[in-house]
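Working notes for the structure below.
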Amino acid sequence: MMPLPNVTGALHMGHAMDNVMQDLLIRWHRMLGHDSLWQPGTDHAGIATQAVVEKRLFELEHKTRHDIGREALVRKIWDWKDEYESRIVAQQQRMGCSCDWDRHRFTLDAVCASAVREAFFRLFKDGLIYRGVRLVNWDCLLQTAVSDDEIVYENVQGHFWHLRYPVVDPKPGEPTHVVVATTRPETMLGDTAVACHPDPRGALEGNEERKALLPLLEKLRDMAKDGRKVMLPLMERPIPLILDEWAKPELGSGCVKITPGHDPNDYGVYERHKDRIGVINILNQDGTLNENAGPYKGLPVMQARKAVLKDLEARGLIELVEDREIPIGHSDRSKTPIEPYLSKQWFVHMGDVEGGVAMGRGTDKEFHTAGLAQAAMDAVGGTWCSASGLRLTFHPDHERYAGIYLSWLKEKRDWCISRQLWWGHRIPIWSASLEAGRMSRFTEAVKSLPESTYHYRVVEDEVQLCLRNEGAEKSAESLLNEFGLERSPDVLDTWFSSALWPFSTLGWPDPAGAKVREGQTPLHDALDRYYPGSCLVTGRDIITLWVARMVMMGLYCLGDMPFHDSFIHANILDGKGERMSKSKGNGIDPVDIIEQYGTDALRYVLCEMQTGTQDIRLPVQAVSPFTGKLVDLAHAKHGRSIFTYLCPETGNEFDVLGTLQDVPRAKLISDRFEVGRAFCTKLWNASRFAFMNLGDYAYAPVSPDALREEDRWILSRLAATVRTVTESLKGYNPSAAIGAAREFFWSDLCDWYIELVRPRFKDSREAPAAKTVLSFALDQTLRMLHPAVPFITEELWEKLNAQAPVRGLEVPLPKSELLIKASWPQKLERFEDRSIEAEFGRLQEVVRVIRDVRAKYQVSPKTQLKAVLRSRGESLAALTKLQRHILSQAGLSAVLIGDAPVPPRLSATAVAGETEVFVEGVLDPEKERKRLDKQLAQVRSNIQLSERKLSDPRFTEKAPTAIVETERRRLTDSKSQLAALEEQLKQLA
RNA sequence: GCCCAGUUGGCGCAGUGGUAGCGCGCUCCCUUGACAUGGGAGAGGUCGUAGGUUCAAAUCCUACACUGGGCACCA
């Protein structure tokens, strides 16, 4: 399942990472022959989208949603959705996402809507959805409840006011005032009590500093026991002193004002003292004060605060004002401060339930659990697994991500699912307050509805009727009218529908009857075939909001996991380490990268960056609209605003958000993607070379003995690479996979094999085997790279098919016209050959040493040199065998190899492992001495290290023998190197 | 406040007990028919700090510092 992007706006690099990781996996699995579905879609994103559209409506037309009404606003949001959904799909398609596009879904599609309806119905019937009066987080601008997850805390410079509440009729020896402190003084208008601790002495045990307060607190405790009151100033309302442990003697004055209507903790206090104190709501939905605020009615919160303070000041009731940094919850969407607000909302019961909860009721996977949250907790780690044997594993660091998941779930806090919005799935509840007679007539009449299409609950005098689907709505029409039942105007939290995404998209609860859009693939067996799914790919910020809820709802509705793997990829940060986002002006549109560097370059680099749990810093550059050059935003100077920068060359100002009319817009990109472009170019050119040389290649089986050393070497390297790439993908490590493929392709195939094999193409006896191996290696390379860089590999595949239609070694490989449908490389273990790789390692070492001599002496590559190699053991054998390659790769006209050859008198010398290299005819004693000195220093320090180790009996006794052996060998090698170098230095002198 | 990560060459990152790697950037050399968006060679790191465990620590443990994240709370 694709993590459905919000239709709030276009995709940025974070989404690109998410989508590319999914495409990498889906293409790989497709090549492995797995039955694969990648279900694409978009999310209506309730509050987020409505907020964006409302904001624009106000900016452009100076209207609020109330000015234009529900229908008109919803129409505008649909327009917005259409625009951005098509833009998102276009972005994803340009990124090469190989989704099942004919199954694209939107969370408000009919298919999804029926799942939402069904899930809601079941939860309601099971008593897991209820309506309650609760203190919720209220967004005064959008005028809706928001969940805890939609709040961001920001530290704001504020004050801490200490207020004095007069005691009603103080007796002698009693305080005349009680001091309470608050950061929100206006809430005092809604105070219904002042609390102090029932046992201040116990609470202050061991707290010497605060002991002085004890007499006062004990006095207040006694007064509270006595039922005494204080006078709430301004409102002139007597309110009781109560005893509650919420009052912390170690803080402030030790007493606390209780405002149950506007503080979650105080609401808790209210619930414990319902018999004595009440709840007063002083706010209107728009954040102004209501009639309960008396003279302050109509004022917005901040103005009311000033007025209240002024009046308290005038009465001398402010004891102290402290400056203080206060974390204030802001609505993530409107960015305005959240007000705790008492209102009726719908909740999903997350905690344990008496008698437990039946999960997947009616399916063959049905099981029982203590509660919804508990079921989701059990699904990760532990011994639980579903009836089909599944549980959830996070990748690449299960413990870490499971920790985040669990720490959130274990709170088991009820989930507020109602939103006072117009954009979303409307809650399928019809309700009315009925007096007793009508209520009993209703309960009779409702029985006429088709059984199992409805469920109702009576709470006090209110009936709450849930209708299962649109059919049920039709049959209930007259009943609804008769009793005046009205549908809730609220819509569901957007996460409610996304929690169902893994099966709502597949037609649950009725795949056969599911109404898909015109031209889309009908669902039929889709649910059986693709649920449970296998893997969910997402970022870690979504683990709680979405992953946990999908698990919960999947288990509840179908009795099984929506997926068993969750791949958590890195977040993309900018050059300063800040999260990338459009609104911050550091967001990169993947399409801009694609235009600059190409899709495959984008994908290649994203894969390379996805290493593990490490977030990725992606330095962002603007393309200067004046010079076309890149300007690094981490170091550029700002212009007039934080979204404008100065072009360092021209000094002109440009804008990265594109909101300022008079300032030119600059595109944002990152030169980090150059690597990807270079890789693709190299791949293209190397393939071109192969095509040129394959010429009239026709496949003929090649027996292993027809292979030359370099053929066996490259096949061995290829075999190891296929293994590494496959294992890395299995372990959700794209970086390791692409790294291994790159290393093979570039460093082995291009830098060595192609160079070694080049001469053979001109030799008719040598050419066939070389062509067979080259075409095979290229074939396998393209397959391995395809999931990461699909476009260029597909193009090259077509050309390869034209040039060498049949490829293979001992047997021909099955043909595939398209690479996307070709199979993943088979294991090539039979070619893994450590000894040939070791031999080539020695060859490469020697060649490098000779090239180094050339570089140091600035000998032109055209100049052919002569060399003498003094070697022994395996090195001697390998070098002798590979002599022709030494000649061609080091640019030698002659080479003499032996265990005791006579070194030329005047020669540059070097040591490569067990081999001494003498390059004839080039010698500058000064330079030579420097080179040898440097090598000597290295060898000496190695010897010192080894000797120190070996002379320590603790090492030789305690370390594993293999390690000690290696160390001994290292020392012998180093010593013979030392001797050789010293000998060479002596020759110079 | 609690918890979890990260800290490795100028930059971005690998490396989880046995003498530090990759890519970019940098320096030098090279336009030889795949490729200068390239090739060859090279310089550059006492692995955040301080202790500890171990024959041996970038790697394990403890503390601290900084950065990021999660959770809770904030009269």
Side-chain angles (χ1 to χ4, degrees), chain A residues 153 160-163 179-184 187 194-195 246-248 251-259 263-266 324-329 397 399-401 403-405 407-408 410-411 540-541 543-544 571 573 575 577-579 597 601 605 608-609 611-619 632 634 671-672 674-675 677-693 733 735-736 739 742-743 750-751 754-755 758 847-848 851-862 891 941-942 945-946 949 952-960 962-964 966-967 970:
Chain A
Y153 285 91
F160 199 45
W161 287 275
H162 297 247
L163 312 180
V179 176
V180 292
T182 180
T183 56
R184 297 185 300 156
T187 60
V194 167
W246 169 240
K248 306 264 183 262
L251 290 175
S253 66
C255 295
V256 58
K257 62 195 270 305
I258 303 298
T259 323
D263 184 284
N265 293 301
D266 292 1
R324 188 164 166 176
E325 203 172 67
I326 308 157
I328 293 187
D397 183 343
E399 237 159 83
R400 178 168 167 190
Y401 296 123
I404 296 177
Y405 173 94
S407 72
W408 182 81
K410 74 164 188 248
E411 298 290 321
R540 67 165 175 269
D541 47 330
I543 291 173
T544 54
N571 290 325
L573 314 173
E578 288 179 38
R579 214 71 198 262
Y597 301 105
V605 172
E608 198 182 46
M609 290 193 299
T611 53
T613 54
Q614 181 68 43
D615 280 347
I616 299 143
R617 280 188 189 223
L618 188 64
D632 193 334
D671 59 10
R672 182 72 22 110
E674 280 174 8
V675 182
R677 183 176 58 189
F679 177 80
C680 292
T681 307
K682 185 75 179 177
L683 183 58
W684 185 262
N685 285 325
S687 303
R688 227 164 42 139
F689 170 84
F691 300 148
M692 265 174 53
N693 284 289
N733 190 340
S735 180
R742 185 208 116 93
E743 176 71 13
C750 292
D751 290 351
I754 283 181
E755 297 304 329
R758 198 189 282 275
V847 169
R848 281 199 191 103
R851 284 173 179 170
D852 185 22
V853 170
R854 272 183 187 282
K856 288 270 149 53
Y857 285 102
Q858 305 214 351
V859 180
S860 152
K862 286 174 192 160
S941 102
N942 288 350
L945 253 164
S946 294
K949 270 190 171 181
D952 187 344
R954 290 176 306 177
F955 171 72
T956 45
E957 280 159 26
K958 291 191 179 176
I963 296 291
V964 179
T966 314
E967 204 55 53
R970 203 176 269 153

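Order of the sequence lines fixes the chain letters, A, B, ..., with proteins taken first and strands second; residue numbering starts at 1 for each chain.
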Whole-Å distance, D671(A) CG to C24(B) C1', equals 8 Å
If you measure from the C1' atom in U27(B) to the same atom in G9(B), how many Å do you get, rounded?
15 Å
Scanning both residues in full, the closest heavy-atom pair of D671(A) with Y597(A) reads CA-OH, 3.4 Å
By nearest-nucleotide position on RNA chain B, the 5'-leaning member of V675(A) and V859(A) is V675(A)
query: On a whole-Å scale, what distance lies between the C1' atoms belonging to G23(B) and G18(B)?
result: 27 Å
Please give the distance between the P atoms of G45(B) and C71(B) as a whole number of Å.
42 Å
**Message:** Base, sugar-phosphate or nothing for T966(A)? Non-hydrogen atoms, less than 4.0 Å.
**Reply:** nothing
To the nearest 0.5 Å, atom CG of L683(A) lies from atom CZ of R742(A) at 12.0 Å
5' to 3', nucleotides 9-21 of chain B under a 4.0 Å protein heavy-atom cut-off (B base, S sugar-phosphate only, - none) gives --SSSS---BB--
Rounded to whole Å, the CZ-C1' distance (R854(A) to C29(B)) equals 12 Å
- Backbone N or O of N571(A) within a donor-acceptor pair of the D615(A) side chain at under 3.5 Å? yes
All heavy atoms of D266(A) vs all of T259(A), minimum pair found to be OD2-N, 2.7 Å
Separation of C55(B) atom P from E957(A) atom CD, nearest Å, is 11 Å
- Query: Under 4.0 Å between a side-chain N/O of R742(A) and OP1 or OP2 of G23(B), yes or no?
  - Reply: yes
Here the distance between atom C1' of A5(B) and atom CD1 of I404(A), to the nearest Å, is 9 Å
Residue set satisfying side-chain contact (heavy atoms from CB on, under 4.5 Å) with P861(A), at least two apart, ordered chain then number -> none
Problem - Same-atom distance (P) from A63(B) to A5(B), integer angstrom - result: 13 Å
Per atom distances to the R954(A) side chain, the nearest of G68(B), C55(B), C24(B) is C55(B)
With the side chain defined as heavy atoms from C-beta on, S407(A) is closest, among G70(B), C28(B), C55(B), to G70(B)
Open item on the list: Using the C1' atom as the point on both nucleotides, what is the distance between C26(B) and G12(B), in whole Å?
Closed with: 16 Å
Residues C750(A) and A686(A): closest non-hydrogen pair is SG-CB, 3.7 Å
Counting primed atoms, P, OP1 and OP2 as sugar-phosphate and everything else as base, the B/S/- map of nucleotides 31-41 of chain B against protein heavy atoms under 4.0 Å is --SBB-BSSSS
N942(A) meets the side-chain contact (heavy atoms from CB on, under 4.5 Å) criterion, sequence neighbours left out, with Q938(A), S974(A)
Listing for RNA chain B: consecutive Watson-Crick or G-U pair runs of at least 3, distance cutoff 3.5 Å, ranges ordered by first number, gives B:1-7 with B:65-71, B:10-13 with B:21-24, B:26-30 with B:38-42, B:48-52 with B:60-64
Heavy-atom closest pair (M609(A) atom, L618(A) atom, distance to 0.1 Å) is SD-CD1, 4.1 Å
Practice task
Just call it for W246(A): base, sugar-phosphate, or nothing, with non-hydrogen atoms closer than 4.0 Å on any strand.
Solution key: base
Sequence neighbours excluded, the answer for ring-ring contact (aromatic ring centres under 6.0 Å, His included) partners of F955(A) is none
dist E967(A):CD -> T956(A):OG1 (nearest 0.5 Å) comes out at 11.5 Å
Closest to the 5' end of RNA chain B, once T544(A) and G329(A) are matched to their nearest nucleotides, is T544(A)
- Task: Please state the P separation for the pair C28(B) and A43(B) - nearest whole angstrom.
- Result: 15 Å
Check every strand shown and say whether R540(A) touches a base, only sugar-phosphate, or nothing at a heavy-atom separation below 4.0 Å.
sugar-phosphate
Whole-Å distance, I543(A) CD1 to G70(B) P, equals 10 Å
For U8(B) and C13(B), measure between their P atoms and round to the nearest Å. 9 Å
Between C255(A) and V179(A), the two heavy atoms sitting closest are CB-O, 3.8 Å
Note: A601(A) and R677(A) closest approach over all heavy atoms is CB-N, 3.3 Å
Begin from the C-alpha positions of R848(A) and D852(A) and carry the test salt bridge (charged side-chain N to carboxylate O under 4.0 Å, His left out) through to its verdict. CA-CA 6 Å; R848(A) 281 199 191 103; D852(A) 185 22; over 6 Å; no
Quote, to the nearest angstrom, the C1' distance that separates C60(B) from G15(B).
16 Å
